[in-house]
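The model shown is predicted, which means the values in this text are computed figures rather than measured ones. Each chain gets a letter, A, B and so on, in the order the sequences are listed, and its residues count up from 1.
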Amino acid sequence: MNVKVTLKDGSIREVDSGISVIELAKQISEGLARVATCGRIDGEVVDLRKEIDHDCSLEILTFDSDLDGRKAYWHTTSHIMAQAVVRLFPDTKLAIGPSIDEGFYYDFDTVENFTDEDKAKIEEEMKKIIKEDLPIERFSLPKKEALELMKNEPYKQELINELPEGEEISFYKQGEFTDLCAGPHLMSTGKVKAIKLLTNSGAYWRGNEKNKMLQRIYAVSFPKASMLEEFIKLQEEAKERDHRKIGKDLNLFMTHKLVGAGLPMYLPDGATIRRCLERYIQDKEIALGYSHVYTPSLANVDLYKTSGHWDHYKDDMFPVMQMENEELVLRPMNCPHHMLIYKNSLHSYKDLPIRIGELAHDFRWENSGAVCGLERVRQMCQNDAHLFVRPDQIKEEVGKVLKLIVEVYQKDFGFPAESFRYRLSLRDKANKEKYIDNDEMWNTAESQLRAILKELNIEFYEAEGEAAFYGPKIDIQIKTALGHDITIPTCQLDFALPERFELSYIGEDGKEHRPVVIHRAILGTSDRFISFLLEETKGVLPTWLCPHQVKILPISEKHVEYANTIKEKMQKEMIRVDVDDRSEKIGYKIREAQLSKVPYMLVVGDKEAEENKVSVRDRKDGDIGQMKTDEFIEKIKKEIADKVISNK
RNA sequence: GCCACUUUAGCUCAGUUGGUAGAGCAACUGACUUGUAAUCAGUAGGUCGUCCGUUCAAGUCGGACAAGUGGCUCCA
């Protein structure tokens, strides 16, 4: 933000581009600066005196790259929306209306739910309020008077009552409408130019499902109509990246209501991608000293009573199946099985760490409203492993896991580092029944993970209430094309399950010691990883993962025989190759192959057949010229060599 | 699970005020034998998500259920 301000003595001072709008506003309210004379909106220098047409101690706010300005802009629009709703539906009670990353929402307690028609009316009314260009005034009241002013607004009263005693409580007034608000806001409603109501949905008061459900309307606003158009365009692009759309277009997976919600079926091409990924990650793990096992998806319910899952995780599990005298459940996690595998033999301190991995199917009851393509499912395949370590090995092993994550995501897949945020997931100290009760254990585990992250110089944030019931985690969070914040890789520290299963190793001193368990998943689950992969790559997968790596396109039926001979040659080299032998023009075949995102198209006709060559067309660069068939086979083998041991 | 919306051919979508369905692409057949992003013609394909109701008559109106979509809650 680059702004010139006129100081009270009349001198003009340029404010650093690094200053935030809030900071500038503070300077103004402190009397340091009076009014800005020019600033940038959407990159263009404009005269702010035109933007700010009355003098008060309000903030100067513009919608440019400054996040604070953007938030104030949206926040103001949310007040305009609330004003419109109150005008149209006077019995509405107001809850909260904050700005969010992309726009804002407002929660209303209404007599009846909003329909699409209501939304259109609200949008019209908002445009009127903008046209009225109502000045926005800020004032503050002591608590008692604030409560009196909001006597008809129970949600606002609840909020006021929670504010600390003695604090000034600020309000913003525009025309007949006044709302409790910390600000900041624009100077008047007319500053808002382009608005669009997006979706409405139910939302619980304070996000607690025990509270009343309110009506939430999401919306965006911009200072220029063109920016709104741009926003809509970006939204459409995000839809194109949606893994469910790509999955359908490329025939990767399907669901069927007879199978059930959240239970996708992988079609041949999707199954190929998954098989390659699973082989890849297992090969990586083998190289790092992991041993893989197979364990059943069903277990006696007592296993989970022993592990503690039954007490802490029951609601997320499928119900017990009672057969003869046994009570069986589908497993939600693999840890208990792996604990028993560890316990199956005696271990020396010299044997540790022991790393037990499995591509294991887990079953979790997800709310019907939560399931989403491959991203949230009710049966998933975890790329799971449990590392049984001595306490002195925790740091090294967690470090190795984090290193593997970086290697996979950044080196092998080339995903940009900015896509990921490291989250230290801690317990919620106020909600003790959710977690295994052992404060000492929690404190040790949490501080150890924090120390490791710091030591490795990894930037992270802490989140209370995100831990597993048995221990804290380092989760790697990503934001999907759909804007969901999800975990893919995870690394968890667990002192609890070793205790519960009475695990031990024989130490140097000849006595029994308790190992520590590190739970980790690199791809997370195959399902969620594929959803992420498809969205991140827009379906243009690296060659080693492509279900169809090469498509041979004969110019005419005369050339099908030659096409088939090179196909056989490639198949022997474990390349996934098809021949398009239909009687279509070459342009048509290329178009189809291109849309199916095949990395290499080999056009073959008389010229190629004579010289035992192929004309290579790359999906990104188009025609890249002729080469000998053997030369092409070597090229593609080289391309996939470091990811793949067995390609089929 | 909760709130809102959606569900018509394999896919993408039309379908006027209720009078038992259309297009494009795909598929199939035939002709064309093709040189780097769509050759032409023809054929076939649907109890309009399922069930119940209103009506002389329901893709269209009402209800229940299911699946899907956007959120909330939850979560790998």
Trainee: Just compare B/U33, B/A37, B/C74 and give me whichever is closest to any side-chain atom of A/S556.
Mentor: B/U33
Trainee: From OH of A/Y204 over to P of B/C3, roughly how many Å is that when rounded to an integer?
Mentor: 8 Å
Trainee: Where the side chain of A/V377 is defined as all heavy atoms beyond and including C-beta, which of B/A76, B/C72, B/U36 is the nearest nucleotide?
Mentor: B/A76
Trainee: Classify the side chain of A/R216 versus the base of B/C72 as yes if they form a donor-acceptor pair under 3.5 Å and no if they do not.
Mentor: no
Trainee: Looking at A/H256 and A/L263, would you say the former's side chain and the latter's main chain have a donor-acceptor pair under 3.5 Å?
Mentor: no
Trainee: Picking from B/A37, B/A76, B/U33, which would you name as closest to the side chain of A/Q594?
Mentor: B/A37
Trainee: Using OP1 and OP2 only, check whether a side-chain N or O of A/Y588 sits under 4.0 Å from B/A26.
Mentor: yes
Trainee: Could you give the distance separating B/A38 and B/A57 at their C1' atoms, to the nearest angstrom?
Mentor: 44 Å
Trainee: Passes side chain to side chain donor-acceptor pair (under 3.5 Å), A/D384 versus A/H519? Steps please.
Mentor: CA-CA 7 Å; A/D384 204 7; A/H519 307 240; 5.7 Å; no
Trainee: Applying a 4.0 Å non-hydrogen cut-off, can you work out what A/S615 is touching in the nucleic acid: base, sugar-phosphate, or nothing?
Mentor: base
Trainee: Would the base of B/G1 count as contacting A/E366 through its side chain, where contact means a donor and an acceptor less than 3.5 Å apart?
Mentor: no
Trainee: When the C1' atoms of B/G59 and B/C74 are compared, how many Å lie between them, rounded to an integer?
Mentor: 37 Å
Trainee: Using atom P of each nucleotide, how far apart are B/U29 and B/G68 to the nearest Å?
Mentor: 35 Å
Trainee: Taking the side chain of A/S583 as its heavy atoms from C-beta onward, which of B/C72, B/G35, B/C32 lies nearest to it?
Mentor: B/C32
Trainee: Tell me if the side-chain of A/T487 makes a donor-acceptor pair with the base of B/C75, cut-off 3.5 Å, by modelled atom types.
Mentor: no
Trainee: Could you tell me whether A/I488 contacts a base, only the sugar-phosphate backbone, or nothing, with contacts defined as non-hydrogen atoms closer than 4.0 Å?
Mentor: sugar-phosphate
Trainee: Of all the choices, B/A27, B/G68, B/C11, which nucleotide is nearest to the side chain of A/A261 once you look at every atom?
Mentor: B/G68
Trainee: Looking only at side-chain atoms of A/A370, point me to the closest of B/G71, B/C74, B/U34.
Mentor: B/C74
Trainee: Say whether, by atom type as modelled, one donor and one acceptor occur between the side chain of A/K589 and the main chain of A/R582 under 3.5 angstrom.
Mentor: yes
Trainee: What nucleotide, of B/C72, B/C3, B/A38, holds the atom closest to the side chain of A/R591?
Mentor: B/A38
Trainee: Please say whether the positively charged group of A/R427, taken as NZ for Lys or CZ for Arg, lies over the ring of A/Y435, i.e. under 6.0 angstrom from the six-membered ring centre and within 45 degrees of the axis.
Mentor: no
Trainee: Pick base, sugar-phosphate or nothing for A/E608, based on heavy-atom distances below 4.0 Å to the nucleic acid.
Mentor: base
Trainee: Would you mind telling me which of B/G35, B/U69, B/U73 lies closest to the side-chain atoms of A/R244?
Mentor: B/U69
Trainee: Of all the choices, B/A76, B/C72, B/G70, which nucleotide is nearest to the side chain of A/R364 once you look at every atom?
Mentor: B/A76
Trainee: With the criterion being N/O to N/O and under 3.5 Å, what pairs connect the protein with nucleotides 41-51 of chain B, and how long is each?
Mentor:
residue, atom, partner, partner atom, Å
B/G49, O2', A/K257, NZ, 3.1

Trainee: Figure out the CD/P separation between A/Q235 and B/U69, and round it to whole Å.
Mentor: 17 Å
Trainee: For the side chain of A/I586, starting at C-beta, report the closest nucleotide among B/A76, B/G35, B/C74.
Mentor: B/G35
